[in-house]
Amino acid sequence: MTAREPTPSAVVTRFAPSPSGHLHVGGARTALFCWAFAKGRGGRFVLRIEDTDQKRSSDAASIGFVKDLLWLGIGFDEGPQYEGHGGGPNGPYFQAQRLELYQRYFDLLLSRGDAYYAFESADELAAMRARAKERNEPFRYTGEQARALSADEVKRRLAAGDPAVIRFHTRAGPITIHDEILGDATLPNGEVDDFVIRKADGFPTYHFAVVVDDELMGVTHVLRAQEHFNNSAKHIVLQDALRFRRPIYGHLPLIFNPDGSKMSKRDKDKVLRKAVADKGITAPPPGTVDLAQFTAWLKDKNIQLELDAGQSLAQAIGAVLPEINVDDFRRSGYLPEVICNFLALNGWSPGGDVEKFDREFLKANFDLARVVKTAAKFDRTKLLAFNLDAIQAMSRDEFVTRVAAHGREMHPQFMSKLTEAQFRSLCDASHERSKTLDDLFRTNTFLTTPDDDLSWDQKALAKFIRGGTPAGSVHLVAARDLLARCDEWTVPALEAALKPLSDSIGNVGLIAQPLRVAVSGGSVSPPIYDTLAILGRESSLRRIDRCLASL
RNA sequence: GGCCCCAUCGUCUAGCCUGGUCCAGGACACCUCCCUUUCAAGGAGGACACAUGGGUUCGAAUCCCAUUGGGGUCACCA
């Protein structure tokens, strides 16, 4: 009954995901809010792994998502050991390692008659549910038969090794959930049935482990997604039966796709399947997925491709996968501080017209009262605009540093083919048109193509080289002659060298575009003098000559 | 279907608690124009919302009720 009134320093929040290699943006937002709430109040932020489902593996790689958390700048005070983070007095932080701890509380509940063994099999329960559904009634496990079993009978069946679960004996009465974000809600009597708290394999269910661990770890504030709202009733009755303190709850609004659907890793498969169908692809491109896997995946919409396999397939067929995980956004060249900023804006706002802020600001200002109640649709376009703004606000040096770091990790080939000076020039020429740290790599692949392998986009060729009166090629020839006589290969020198020609034509574009196409293969590149300068004299002239020769 | 929750521009939201200053503010997207050697970026304008119906009140986006719509949840998953 008594929600505790913590002193500011006593605030403890936790992020408690099930094991996963990747962090979903929704999870990231939850973690960010938990972190900001605790850290802004001088409290502790705990990371706990909810690995009570033995069907899901939970080896070391299963907390790969922690690297995403740290990349975002969300550190934790307690939790699994991970590259210098984690540890703490309330471990272990993997629930699968806390089984003895739970047993104490199972025994306590059992001895007090607040819990009991039940022997129905999964099949029997499924049948009961099916029957209830036929009658259009909700299924509620009341446990009359199970509780009618004599103590001796229970002992006998347990001794005989009959599979059994432990269920909580929910007492009659309405249950009121107090929520700092949504307000109070009361579930009528009977809504919460006698739910399972220990599975037949001896593991606690989520509901039980959460309640015990939150108490043992001193968690004062439970901030989690709204999908957990109704679960809170189960947690409350458990807390009361166990004589635990009740944490303060705050259920965060959900984050959806722009079309209102739930954001899920399956969205990637959806996009891939569509791309495969649209392009009429019947066999997997070599080096992506093997044929058997591919056909199985194509046939059964419930099969998901591994992350890497999907990525390579997408790349091979030129499909762009939607970013779902934090790591997807990292690969796409988004800045962690921008993601935090934008994520925070989905479900919270500092009020007024403020919408650009950093983690420190969030830490200092985040509060439950300003969390909105309505679900948000995740608008990648706005995120991209935020990313652009942040990149434009960078100094040239910072931009170079961060793009280089991104390039070394994501595009080592590209990086190895450019000299430091070339790379620096490319950064300077690309800074103001970069929306992500990845843009410059995606749009300038022509720079790393060997001169003799460059091919030309037919449309661009037709429009800017063959087309025009006189044809673009005429100007290209003239420009080529001027360039060949240019001793100094720098932006100002190149500009000066071509000036007479552009002046006489009266339109710079008429020589810039043919040059651009000849040298880059397409109609888009950094400013033409920059492009030529980065490419260098030899490559530039070679490419122009090859282009002219190909006509 | 039962139960629970929610409802301001296309989207994220401010305003709502403490009715009047809101013929509703900001941002992204969109449209127009300007700038421009491509693509961007940038500059200047513009269009765009209180779901509906009842109350309460001198007055409602703000309070109450209903309807409609949306979401969540009903597992030995978390």
Side-chain angles (χ1 to χ4, degrees), chain A residues 16-19 50-53 55-56 95 118 120-122 125-126 129 132-133 135-141 163-167 177 179 182-183 185-188 190-193 195-201 203-207 209-210 224-233 251 253-254 256 258 260 262 342 345-356 369-370 372-386 388 392 430-435 439 443 460 464 498 502 507-517 520 522-529 531:
Chain A
S18 45
E50 314 242 312
D51 56 349
T52 54
D53 184 1
K55 288 191 281 292
R56 303 189 195 182
Q95 291 182 327
E120 289 87 356
S121 71
L125 288 168
R129 277 193 199 93
K133 189 162 189 179
R135 279 172 295 172
N136 232 328
E137 288 168 9
F139 172 70
R140 292 286 121 88
Y141 184 95
V165 300
I166 297 177
R167 286 180 181 267
I177 304 167
D179 187 289
L182 297 171
T186 301
L187 305 197
E191 268 305 303
V192 175
D193 68 358
F195 54 99
V196 173
I197 55 178
R198 196 185 75 174
K199 311 180 211 178
D201 66 5
F203 275 61
T205 57
Y206 158 74
H207 304 296
V210 161
R224 43 150 69 140
Q226 251 174 47
E227 61 195 16
H228 287 293
F229 188 78
N230 288 30
N231 290 157
S232 300
H251 287 92
L254 269 13
F256 290 117
K262 222 171 177 175
F342 187 70
L345 245 22
N346 279 253
W348 180 80
S349 89
D353 294 340
V354 180
E355 61 171 7
K356 295 285 178 68
R370 295 201 63 87
V372 300
K373 300 177 178 185
T374 54
K377 290 172 185 159
F378 193 77
D379 183 358
R380 290 186 182 75
T381 311
K382 183 161 179 174
L383 170 64
L384 188 62
F386 271 41
L388 168 97
Q392 298 317 314
S430 306
H431 189 169
E432 67 175 12
R433 74 202 69 244
S434 286
K435 295 186 175 185
D439 284 3
T443 57
F464 297 112
L498 290 173
S502 57
N507 182 345
V508 211
L510 292 180
I511 58 167
Q513 278 310 85
L515 271 174
R516 192 188 310 282
V517 172
S520 77
S523 57
V524 178
S525 87
I528 189 60
Y529 303 118
T531 304

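Quick caveat, the model's predicted, so the values are computed rather than measured. Reminder, nothing fancy here: chain letters follow the sequence lines and each chain counts from 1.
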inquiry  = What's the gap between B/A7 and B/U62 when it is taken at their C1' atoms, as a whole Å value?
reply    = 14 Å
key: Distance, C1' atom - from B/U52 to B/A29, rounded to whole angstrom   = 28 Å
message = Considering every strand and a 4.0 Å limit on heavy-atom distances, what is the contact class for A/S520: base, sugar-phosphate, or nothing?
response = nothing
query = Just checking A/R370: base, sugar-phosphate only, or nothing, at a heavy-atom cut-off of under 4.0 Å?
reply = sugar-phosphate
key: Spacing of the P atoms in B/G69 and B/U56 (rounded, Å)   = 27 Å
message = Taking B/A51 as the reference, what is the distance to B/U32 when you measure between their C1' atoms (whole Å, please)?
response = 31 Å
query = Which is true for A/V210 with a 4.0 Å heavy-atom rule: it touches a base, it touches only sugar-phosphate, or it touches nothing?
reply = nothing
task = Look at the side chain of A/K133 and the backbone N and O of A/F139, then say whether any donor-acceptor pair between them is shorter than 3.5 Å.
result = no
ask   = Looking across every strand, which nucleic acid part, if any, lies under 4.0 Å from A/A122 by heavy atom: base, sugar-phosphate, or nothing?
value = base
request  = Rounded to whole angstrom, note down the C1' distance from B/G2 over to B/C9.
outcome  = 36 Å
request  = Could you check whether A/V165 gets within reach of a base, just the sugar-phosphate, or nothing at all, counting any heavy atom under 4.0 Å?
outcome  = base
task = For A/E227, report the nucleic acid contact type (base, sugar-phosphate, nothing); a contact means any heavy atom under 4.0 Å.
result = sugar-phosphate
request  = Using a 4.0 Å heavy-atom cut-off across all strands, classify A/S523 as base, sugar-phosphate, or nothing.
outcome  = base
message = What's the gap between B/G15 and B/A60 when it is taken at their C1' atoms, as a whole Å value?
response = 13 Å
query = Using a cut-off of 4.0 Å on non-hydrogen atoms, how would the nucleic acid contact of A/P17 be classed: base, sugar-phosphate, or nothing?
reply = nothing
inquiry  = Measuring only the P atom in each nucleotide, how far is B/C76 from B/C63? A whole number of Å is fine.
reply    = 41 Å
request  = For A/K356, look at atom NZ and say whether over 12 heavy atoms of other residues, nucleotides or ligands are found less than 6.0 Å away.
outcome  = yes
inquiry  = Taking any heavy-atom pair under 4.0 Å as a contact, classify A/K435: base, sugar-phosphate, or nothing.
reply    = sugar-phosphate
message = For a quick check of understanding: with a heavy-atom distance under 4.0 Å over all strands, which category does A/T186 fall into, base, sugar-phosphate or nothing?
response = sugar-phosphate
request  = With C1' as the reference atom in both, quote the distance from B/U18 to B/G70 in angstrom, rounded to an integer.
outcome  = 30 Å
inquiry  = Under 4.0 Å, heavy atoms only, any strand: does A/G347 hit a base, just the sugar-phosphate, or nothing?
reply    = sugar-phosphate
query = Taking 5' to 3' order, which nucleotide of RNA chain B is first and which is last to have an atom within less than 4.0 Å of a heavy atom in chain A?
reply = B/G1 to B/A78
inquiry  = Would you say A/Q95 and A/Y206 are linked by a side-chain donor-acceptor pair, where the criterion is simply a distance under 3.5 Å?
reply    = no
query = Contact class for A/Q95 (heavy atom, under 4.0 Å): base, sugar-phosphate, or nothing?
reply = nothing
request  = Can you spot which of A/R224, A/E227, A/K373 makes a side chain to side chain donor-acceptor pair (under 3.5 Å) with A/H251?
outcome  = A/R224
ask   = Using a cut-off of 4.0 Å on non-hydrogen atoms, how would the nucleic acid contact of A/H207 be classed: base, sugar-phosphate, or nothing?
value = base
query = In the strands shown, is B/G1 matched to any nucleotide by a Watson-Crick or G-U wobble pair with both distances under 3.5 Å, and which?
reply = B/C74
key: Given RNA chain B, 5'-ward residue of the pair A/A185 and A/R140, judged by closest heavy atom   = A/A185
query = NA contact type, A/R167, heavy-atom cut-off 4.0 Å: base, sugar-phosphate, or nothing?
reply = sugar-phosphate
message = Ring of A/F195, cation from A/R167 - is the NZ or CZ under 6.0 Å from the centre and inside 45° of the axis?
response = no
